[in-house]
Each structure stands twice: as C-alpha cells, then as structure tokens.
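Just so we're on the same page: letters track the sequence lines, and every chain starts at 1.
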2 protein chains.
Amino acid sequence: MARIVFEKSDAIALVAEVFRELGYEGASMSEITARTKLSKGSLYHFFPGGKEQMAAEIMAHIDAWFATEMFGPLEKEAPRAAIARMWETTDSYFRSGRRVCLIGAFALDETRDRFPAAIRGYFHRWIDALAGALTRTGLPGAAAKALAEEAVIGIQGALTLARALGDDTIFGRTLARLKRTLEAASG
Amino acid sequence: MARIVFEKSDAIALVAEVFRELGYEGASMSEITARTKLSKGSLYHFFPGGKEQMAAEIMAHIDAWFATEMFGPLEKEAPRAAIARMWETTDSYFRSGRRVCLIGAFALDETRDRFPAAIRGYFHRWIDALAGALTRTGLPGAAAKALAEEAVIGIQGALTLARALGDDTIFGRTLARLKRTLEAASG
DNA sequence: TTTTAAATAGACCGAACGGTCCAGAAGATC
DNA sequence: GATCTTCTGGACCGTTCGGTCTATTTAAAA
C-alpha cells in the first residue's frame, strides 16, 4: 500500500479545511480521513486527544498566524499602512469570502462551549489590535473601539451572507466599504 | 408513562431551538428527543422524512414568520415606520443576540448544500424587502440595495460576535448603529 | 358508548461513529 | 547494514447514530 508521509503542520492545515467545510460536529473521523488522505493511525499519532485536540491545535495555529500577519503589524507598524494591509490580508485569508471563518463558525453552536477562551481571545485580540492602530491615527479610544468592532462584525457578516447567497462579490465589496468608513473616520 | 400531547407547530418550534443550539449535524435524534421531550415516535409521526424534513419545515416556518412580520410590512406600510419596526422585531426575534440565526448558521457549513434555495431565498427576500422600503423613502435603487445588504450583513456579523464574546450588549449596539446609518442616508 | 383514527413511548435495527491497537514500512542513528 | 524510532494503514471495538416498528393511550366521530 502506498505510504504517504505528512508533517504535523500539513496535518493541521488539512484537517482545518475539513472543519471549515463541515463544522466541528459534521467533521466525522471518516470524513476527515477521506478528505485529508490521512489515515486514522496518522491522525491519532499527531493528535492523541482526537477531534478535540485537532480543533484546539487548529485554533492555536490560526491564532498564531493572525498574531504575526495581522495583530503584530497593527500594533507595531505605521497605523494607516498596517490597516491598509489588513484588508488585503483578510481578503486573501478568507479567499474573497469563499472560505469561512472557522472560529466564527464554532462560535455559533455549542462547539463554542468547548473552546470559549480561544474563541473570545481571537476576536478580542483582533478588535483590540485594530482599535489600537486606529487610536494611533489620532482617533479617540472609544471611537476607535467602536469602529474596530464594526469592522470585525462586517467581516463576519459578509462571510455569512457571501456563502448564503453563493455570491463571490459580496466579501470584496464589504471590505471596500469598511475600508472607506475607517478612512473617513481616521482622516 | 406520562403521555404528553404536542401539536405540530409546537414540535417545529421546539426542534428549531435544538438546531439553533447545536447546528444541523450536532443535533442528533437523541439530543432532540432529550431537549424537546418529544419521543422518536412523535417526531417521526410529524416528520416522516427525519432530520432533513424537520430542518426543511423549520426553515419554511421561519420564512413564513419573517414574511408576515417583516417583509410584508416593509413592502406595504409606510417605509420609515416599517423600517423602525424592523429593528425592534429583529432585536426581539434574536433575543438581543442570545439567539443565533438558524439559516445563517446553516449557510456556513455544507448543510448549506442541503437547502440552497431556502437559504438564498431567506436572505434575498430580506435584502429586497428592506431595499424596497428604502427606495420608497426616496433613495436611488442602487444605494438602497447597498444599504440593505449592509444592514443584513451587520445583523449576521453582530450575532456571530455577540456569541463569540458572550457579550449581550453588542447586538443592540449594532442595531442602533445600523439604524442611524440608514436614517442618515434616507433623510 | 362504541368505534375509529391520531399520536406517543420506547425497544429495536443495521450503519456509522470516535477511538484503540498493532503489524509493518520508512527514515534516522550508529 | 543493523538497529531503533517514528509514522502509517487499516482491522477492530464498544457506543451512538438515524431510522423503523408496534403496543398502547388518547381524542374525535358515530
């Protein structure tokens, strides 16, 4: 039998995509093995804790990616440039709305209660990082926080509506609108 | 054994709440029977087609409710008053963000592919009804459509973020902001 | 009343579930 | 190239899954 060798980081990325497509409960082990081509032996070698560990490590992986690619720049780089880059990063990460937010999807059902800290942390850090950058453009703290919340809400809502309508133009249009709103407010 | 008699409309509402809490795949028959107190006999009497039929009838029920409570008024009544009432209806229907949108949740994973028409129809009609009311306030059609889309996106995003952060103030705050935005645009 | 139809409870079924286990293949170390 | 460790494939296990079926209870009709 042909034997394929994976690295754990490959396994995380592959399994993440299955959770994204099917949700936590919908992603059965047999679907995960079928879609990733990883056998049960490999999966339980990498993740002895089963589905719960898979999801936990995937969320940690996502969190780390966002920390380096988005939150870090928003906190350290020139605020206007960092925010401009955030829109591009967001559009490419969510594949123009064709890829859902795994953490947002987990938040909707009782999967949330398995990973409350990871879910809260992800959204909290995103809002705080963006609000920080907006503050550094000169906006008052409260206005910055409200705009950051509005942006994250808009991103999540656009992902839902884009998938619901199967319309690939919604996500980009929404990001452009949010960008204009933030630029209008921060001068 | 105590025998409890249900009406089908009760069954639809009870099962809907379980789907909302657990998602389509997460709502197993045993969880549905446990949370609704409806036995399997009753459930399969009302819904011979099983889970798929339950979900289909629930979505039709939601659609009918929205049609009479929101889309109808938006299409027939005085536009500004109808839009004002829409915010109140939305807040109470989603219980200030503590209740998720079942159809939005279905849209995120591959459950969408079981009910594509119902999901598209629900969001399409909401956007069209709101855009129609906005047009009747004097807004150009394109602007009305964009604002209606923005409103529905904001509602869905706020539901996601409210649950993710466990923050009961987000939904109301977002509805108030959207209301202001629409009023600013439609005079 | 008696009869009839609708509705309910829950035992039961085969299939699919999450998870365990181990024989053996592929690298790594010596 | 022998040894050892890591990794893989898939058979297998007990449990839960969605769904069926029937005895029985209740409500409605006659």
request  = Would you mind telling me which residue lines up with the more 5' stretch of DNA chain C, A:Gly41 or A:Glu31, judged by nearest nucleotide?
outcome  =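 First, find each residue's nearest nucleotide; the 5'-ward one identifies A:Glu31.
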query = Quick one: B:Tyr44 OH to D:dT22 P, roughly how many Å, whole number?
reply =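 The answer, rounded to whole Å, is 17 Å.
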request  = Grab the NZ-P distance between B:Lys37 and C:dA9 for me, whole Å please.
outcome  = 11 Å
query = Is it true that A:Glu183 and A:Arg177 make a salt bridge, defined as a side-chain N closer than 4.0 Å to a carboxylate O?
reply = no
query = Salt-bridged, B:Arg35 to B:Glu17, with N to O below 4.0 Å?
reply =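 Salt bridge absent between B:Arg35 and B:Glu17.
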Given [N], is OP1 or OP2 found less than 4.0 Å from the side-chain N or O atoms of [X]?
X	N	result
B:His45	C:dT8	no
B:Ser28	D:dC17	yes
B:Lys40	C:dG10	no
B:Ser42	C:dT8	yes
B:Ser30	D:dT16	no

inquiry  = Heavy atoms from C-beta onward define the side chain here; which of C:dG18, D:dT8, C:dT8 lies closest to that of A:Met29?
reply    =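 Closest nucleotide to the A:Met29 side chain: C:dG18.
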request  = Look only at the side chain of B:Arg163 and the backbone of A:Ala107, and say whether a donor-acceptor pair between them is shorter than 3.5 Å.
outcome  =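 Indeed, once roles are kept as given, a pair shorter than 3.5 Å links the two residues.
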task = Keeping the roles fixed (side chain from A:Gln53, backbone from A:Gly49), state whether a donor-acceptor pair exists under 3.5 Å.
result = yes
ask   = Which part of the nucleic acid, if any, lies within contact of B:Ala27, taking any heavy atom under 4.0 Å across all strands shown: a base, the sugar-phosphate backbone alone, or nothing?
value =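 It contacts sugar-phosphate atoms only.
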query = If you find the nucleotide of DNA chain D closest to B:Tyr24 and the one closest to A:Leu38, which residue's nucleotide is nearer the 5' end?
reply = A:Leu38
